[in-house]
Student: 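Let me give you the structure first, and then I'll get to my questions.
Chain A is the first sequence line, chain B the second, and so forth, proteins listed ahead of strands; every chain is numbered from 1.
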Amino acid sequence: MKSIYENEMKLEFISKSNNEAFARISVAAFAAQLDPTVEEISDIKTSVSEAVTNSIIHGYEDTEGIVKIICKIIGNSIIIEISDTGKGIENIEEAKKPLYTSKPNLERSGMGFTIMESFMDEMKIESILGIGTKVTMKKLIKKEEITDEDISKVLSQIGQKESNEN
Amino acid sequence: MKSIYENEMKLEFISKSNNEAFARISVAAFAAQLDPTVEEISDIKTSVSEAVTNSIIHGYEDTEGIVKIICKIIGNSIIIEISDTGKGIENIEEAKKPLYTSKPNLERSGMGFTIMESFMDEMKIESILGIGTKVTMKKLIKKEEITDEDISKVLSQIGQKESNEN
Amino acid sequence: MNVNYEQKNKLLLLEITEEIDHHTSEKIRRRADNEITRYMPRKVIFDFSNVTFMDSAGIGVVLGRYKMIKMLGGTLELKNVSLNLKKIFEMSGITKICPTTIKQAI
Amino acid sequence: MNVNYEQKNKLLLLEITEEIDHHTSEKIRRRADNEITRYMPRKVIFDFSNVTFMDSAGIGVVLGRYKMIKMLGGTLELKNVSLNLKKIFEMSGITKICPTTIKQAI
Ligand SMILES: Nc1ncnc2c1ncn2[C@@H]1O[C@H](COP(=O)(O)OP(=O)(O)O)[C@@H](O)[C@H]1O
Ligand SMILES: Nc1ncnc2c1ncn2[C@@H]1O[C@H](COP(=O)(O)OP(=O)(O)O)[C@@H](O)[C@H]1O
């Protein structure tokens with residue numbers, strides 16, 4: 001089935017940690033038009049959260065900068081580009097290794113890139129020291145048919161607790 | 001109480017009607033840091049939906065353009081600016097009148113601006129024929145104290161159905 | 001949309017299961033019109049219990065169906081309207097022409 | 001976070017009620033450390049039933065507490081972990097060092 005959607009959005013926000021939740025919810029709401037499963041939405045939210053957090057704590061460290069997200073829908077895929085103009089990564093191969101972190105003192109686990117790579121279908125890192133970092137991720141949503149009701153259901157799950165507290 | 005938050009985000013997307021839900025959810029997720037009530041969130045979502053829809057159907061009519069949203073948190077208020085570079089409004093006073101619509105054939109009710117004015121604390125329309133339209137809205141969130149748990153609860157309600165279907 | 005028709009009372013129940021905005025309203029309207037012209041009911045009830053969002057597009061949907069149903073000699077009622085939706089129906093005067101009942105808190 | 005301490009079994013139950021990301025983790029960590037050093041429990045259980053989102057910040061929170069509790073001679077268990085969270089705990093090897101139970105579907 002060929003998707004009828006071709007769509008694009010751009011999001012920019014200040015590198016404050018309280019924007020992490022807002023950023024992943026926005027991308028998830030945009031992705032909803034592809035009618036992803038609950039698990040696919042969760043994978044996207046987690047990967048976006050990893051990349052946005054990295055821009056905030058590694059890219060900009062304690063300074064204030066702009067995090068930029070570009071999302072594109074092409075066919076049944078969503079492409080998500082998350083970039084900062086922060087300090088950049090010296091050694092990308094090392095950075096991608098599971099458990100490698102430059103901030104163990106912040107209890108970072110070094111699993112961010114590993115999670116993005118495993119939760120998304122493709123991941124690419126581009127970075128120049130002193131200029132900034134861009135992470136591009138792609139996920140194919142494997143769906144047969146999409147209805148507005150399906151999409152309403154997905155939208156209703158975004159940011160929703162799995163069990164109600166009232 | 002003085003809010004500790006000062007924050008800003010910018011969102012741009014193609015004038016497609018399937019972006020209406022995504023746009024209002026994103027703004028609601030950004031507003032969540034002020035810990036609004038369920039009713040305040042609903043008022044914001046409805047007002048954003050009105051302005052975004054207007055840009056899509058009145059501003060750009062059947063052509064494709066970019067809708068831009070800028071949100072700022074200042075103290076306990078959220079300021080939302082929604083703009084297009086579409087055809088513009090000839091007579092703003094007339095456009096604001098309840099029940100006035102230039103598209104009765106689309107079953108538009110002419111209540112969009114009236115709803116924005118009544119659901120938000122302030123609303124301002126700027127428009128130049130042939131250049132575009134910008135709607136600026138402000139809402140004061142009347143809260144005493146904000147905790148991360150409160151905010152998690154609000155985030156969980158965004159885009160959530162009020163009753164479960166399963 | 002879930003559709004239920006009671007032959008005995010000529011009652012058509014239309015339960016809306018989507019968020020109602022400009023994007024979804026076209027489909028809701030078309031589906032409702034099809035069912036109404038198919039059954040020619042004496043009474044139509046829109047059930048909003050599963051509608052978690054509605055903007056002014058909902059006013060157009062309800063008013064348009066109201067006019068059509070009235071022309072065909074029937075009546076329209078709105079059921080299980082949440083408080084957020086009620087605010088919008090009240091502003092537009094719909095609650096004055098269609099009997100409206102509020103959704104009970106769960 | 002909801003905290004419950006059973007004196008008899010020296011069991012500290014910490015129920016996390018927030019989404020776990022970098023933003024929220026600092027507070028969760030601080031609160032957990034306070035409760036652990038206050039009660040010196042023999043066993044700590046993290047209950048995740050109300051956690052609807054977690055990214056790798058959750059790994060840091062759990063591993064950091066694991067090391068601390070172990071040093072104090074106690075054990076750590078993870079309870080009511082959803083399938084999405086389990087994927088992340090498994091990738092980091094946490095499920096190999098902490099007994100982990102899955103959340104039942106409701
Ligand atoms: N946007 C970025 N800017 C600068 N450095 C980064 C960025 N993203 C990642 N890094 C570097 O890559 C390392 C590995 O990242 P990641 O796998 O996400 O683990 P963690 O965030 O837990 O450290 C980081 O510790 C950091 O040194
Ligand atoms: N972004 C816009 N660009 C051009 N015209 C607009 C725009 N927003 C509103 N208008 C004009 O103002 C009128 C009233 O808008 P509104 O109160 O939202 O009612 P409705 O959308 O139901 O027509 C519209 O019918 C249209 O003529």
Side-chain angles (χ1 to χ4, degrees), chain A residues 13 15-25 27-28 37-60 67 98-101 103-119 157-166, chain D residues 1-2 15-33 36 47-69 79-98 102-106:
Chain A
F13 52 89
S15 60
K16 289 183 158 229
S17 65
N18 56 357
N19 285 330
E20 290 158 6
F22 146 68
R24 63 184 178 251
I25 289 174
V27 174
T37 62
V38 176
E39 188 179 2
E40 285 164 337
I41 277 285
S42 171
D43 290 349
I44 291 171
K45 281 171 88 169
T46 307
S47 302
V48 169
S49 199
E50 298 296 345
V52 167
T53 301
N54 279 352
S55 288
I56 293 172
I57 62 176
H58 301 303
Y60 293 116
V67 180
L99 305 176
Y100 172 80
T101 178
K103 295 222 188 308
N105 55 316
L106 291 185
E107 293 197 347
R108 297 302 294 170
S109 64
M111 293 297 289
F113 282 135
T114 311
I115 286 176
M116 291 181 241
E117 251 183 331
S118 104
F119 284 18
Q157 283 151 357
I158 291 167
Q160 183 184 349
K161 291 195 186 277
E162 275 153 4
S163 63
N164 284 328
E165 285 167 296
N166 303 330
Chain D
M1 194 185 284
N2 297 327
E15 187 196 349
I16 304 179
T17 49
E18 290 151 26
E19 303 202 326
I20 307 176
D21 61 14
H22 157 248
H23 178 69
T24 61
S25 63
E26 178 55 34
K27 234 187 69 183
I28 295 170
R29 172 183 302 143
R30 214 177 324 122
R31 180 77 195 277
D33 287 355
I36 293 165
D47 184 338
F48 290 88
S49 41
N50 285 308
V51 176
T52 48
F53 177 84
M54 187 186 86
D55 65 16
S56 72
I59 301 173
V61 170
V62 171
L63 278 185
R65 274 6 86 212
Y66 171 78
K67 286 177 198 160
M68 182 185 187
I69 293 162
K79 205 176 121 181
N80 289 326
V81 168
S82 73
L83 294 178
N84 291 327
L85 270 60
K86 181 168 161 262
K87 280 207 291 193
I88 294 171
F89 284 136
E90 270 175 355
M91 276 177 84
S92 62
I94 283 177
T95 47
K96 289 198 200 108
I97 55 175
C98 299
I102 301 306
K103 180 165 149 181
Q104 298 292 340
I106 310 163

Student: Rounded to the nearest 0.5 Å, how far apart are CG of D21(D) and CZ of R24(A)?
Tutor: 4.5 Å
Student: Considering all heavy atoms of both residues, which atom of E39(A) and which atom of N84(D) are nearest to each other, and what is their separation?
Tutor: CG-OD1, 4.0 Å
Student: Between T101(A), I115(A), L99(A), V52(A), which residue shows the highest count of heavy-atom pairs closer than 4.5 Å to chain D?
Tutor: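 Of the options given, most contacts go to I115(A).
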Student: Please flag which part of N19(A) lies under 4.5 Å from any non-hydrogen atom of chain D: side chain, backbone, both or neither.
Tutor: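 Neither part; nothing is under 4.5 Å.
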Student: Provide the closest heavy-atom pair for G60(D) versus E107(A) in the form atom of the first, atom of the second, distance.
Tutor: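 Residues G60(D) and E107(A), closest heavy atoms: O-OE1, 3.1 Å.
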Student: At their closest point, which heavy atom of E20(A) faces which heavy atom of H23(D), and how far apart are they?
Tutor: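 That closest heavy-atom pairing would be OE1-N, 2.9 Å.
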Student: Could you measure the distance from the CG atom of L63(D) to the CE atom of M111(A)? Nearest 0.5 Å is fine.
Tutor: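 Atom-to-atom, L63(D):CG and M111(A):CE are 10.0 Å apart.
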Student: How far apart are the closest heavy atoms of I88(D) and F119(A), and which atoms are they?
Tutor: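 It is CG1-CZ, 3.8 Å.
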Student: Got more than 12 heavy atoms from elsewhere within 6.0 Å of NZ, K103(A)?
Tutor: yes
Student: Heavy-atom pairs under 4.5 Å with chain A are the metric here; pick the option from E26(D), M91(D), M54(D) that has the most.
Tutor: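 The option with the most such pairs is M91(D).
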Student: Do you know the tightest heavy-atom contact between R108(A) and S56(D)?
Tutor: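 Answer, listing the atom of R108(A) first, then S56(D): NH2-OG, 3.8 Å.
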Student: Within a 6.0 Å radius of atom NZ on K87(D), are there more than 12 heavy atoms belonging to other residues, nucleotides or ligands?
Tutor: yes
Student: For the CD1 atom of I20(D) and the OG atom of S49(A), what is their distance to the nearest 0.5 Å?
Tutor: 11.5 Å
Student: For L106(A) versus R29(D), what's the shortest heavy-atom pair and its separation?
Tutor: O-NH2, 3.9 Å
Student: Of the backbone (N, CA, C, O) and the side chain (C-beta and beyond), which part of T53(A) lies under 4.5 Å from a heavy atom of chain D, both, or neither?
Tutor: side chain
Student: Is S47(A) close to chain D through its backbone or its side chain, or both, or neither, when contacts mean heavy atoms under 4.5 Å?
Tutor: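 Nothing of S47(A), per the 4.5 Å heavy-atom cut-off to chain D.
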